[in-house]
Amino acid sequence: IHWQPGWIERSSAEKDRLTRIAHANDEWIFEGGHFRTFDERLARADTFIWLDVSVWRRLWRVVKRTMRDLGKNRPDLPEDCPERINLETLKFLHFIWTTRNRWRDKIAGVCASPPSGLLCHRFTSTAQINAYVESLKGNPSHHP
C-alpha cells in the first residue's frame, strides 16, 4: 500500500483508497500505522495485536533486516524495491524514534477498553509473540 515499484511512495489519498479496499474484505490483516484510516479499520477488526516492544528492539530489527536483505527485494515489498542504505533508510529510523510515543496512549486505550467484539492482544516480548503464533498453528481461525 505504501510503496510502488522503484521505491515510489503513493499519495496519501491513494494509500487511503487502497487501505479501504483491503479492509472492506471479509478477511484481512493490516500491519503498520497508516493512522489516517486507523479508526475505520478498528471498527471492522475482530482482533487487534499490539507488538509493544522497545524502540531499541524495533530499531535493531530494522537495521538487522536491512543488512540481511541488502540489495534484495523482500517478499512484502513491490518489485524493484531492494533493501538499501541511504537517506530514506536514515529517515525511517528517525521516524521510528520520533514517533515512538505519538500513538502509544491511543493504542493502550484500545487494549485497555476494546470496542465490543474486538479481541486485543498486547505482546511485550518475542516469547509472547512466538507463543501466540504457535497457538494458532493447526487452527488459524482460533484467536486465543
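Atom set for the values below is all heavy atoms of this structure, side chains included, hydrogens, waters and symmetry mates excluded.
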The test is side chain to side chain contact (heavy atoms under 4.5 Å, CB included); show your working for Ile1 and Phe30 and say whether it passes. CA-CA 10 Å; Ile1 290 176; Phe30 199 93; 3.6 Å; yes

Answer yes or no: is there a side-chain heavy-atom contact under 4.5 Å between Gln4 and Glu14? no

So which heavy atom on [X] is nearest to which on [Y], and how close?
X	Y	value
Leu70	Arg84	CD1-CA, 3.7 Å
Ala24	Arg44	O-NH2, 3.4 Å
Thr124	Gln128	N-OE1, 2.5 Å
Cys81	Gly6	SG-N, 3.7 Å
Leu118	Ala45	CD1-O, 3.6 Å
Asn25	Ile21	ND2-O, 3.4 Å

Do [X] and [Y] belong together in a cluster built from hydrophobic side chains that touch within less than 4.5 Å?
X	Y	result
Val62	Val53	no
Leu51	Leu136	yes
Trp103	Ile96	no

Got a second to check how far [X]'s [atom1] is from [Y]'s [atom2], nearest 0.5 Å?
X	Y	atom1	atom2	answer
Ile107	Arg122	CD1	CZ	11.0 Å
Ile49	His121	CD1	NE2	6.0 Å
Leu93	Thr98	CG	OG1	10.5 Å
Lys72	Glu83	NZ	CD	10.0 Å
Arg68	Arg74	CZ	CZ	8.0 Å
Leu18	His2	CG	NE2	12.0 Å

Any chance CZ of Phe95 has more than 12 other-residue heavy atoms, nucleotides or ligands included, within less than 6.0 Å? no

Is the number of heavy atoms from other residues, nucleotides or ligands under 6.0 Å of Ile29 CD1 greater than 12? no

Decide whether Arg57 and Thr126 meet the rule of one side-chain donor and one side-chain acceptor closer than 3.5 Å. yes

Donor-acceptor side-chain pairing of Asn86 and Thr89 below 3.5 angstrom: yes

Apply the test side chain to side chain contact (heavy atoms under 4.5 Å, CB included) to residues Trp56 and Trp97: give CA-CA distance (whole Å), side-chain angles for both, the deciding distance (0.1 Å), then the verdict. CA-CA 9 Å; Trp56 296 109; Trp97 180 258; 3.7 Å; yes

Go through it in stages, so that I can follow the logic: the residues are Lys106 and Asp39, the test is side chain to side chain contact (heavy atoms under 4.5 Å, CB included), and I'd like the CA-CA distance, side-chain angles, deciding distance and then a yes or no. CA-CA 11 Å; Lys106 181 167 184 159; Asp39 291 332; 2.8 Å; yes

Could you tell me whether a side-chain N or O of Thr19 sits under 3.5 Å from a main-chain N or O of Lys15, the two making a donor and an acceptor? yes

What orientation do Trp28 and His23 show, parallel under 30°, tilted 30 to 60°, or perpendicular over 60°? tilted

For Lys137 and Glu134, run side chain to side chain contact (heavy atoms under 4.5 Å, CB included): C-alpha distance rounded to whole Å, both residues' side-chain angles, the deciding distance at 0.1 Å, then the answer. CA-CA 5 Å; Lys137 290 185 177 173; Glu134 282 298 315; 2.7 Å; yes

For residues Trp7 and Trp3, establish whether the separation of their ring centroids is below 6.0 Å. yes

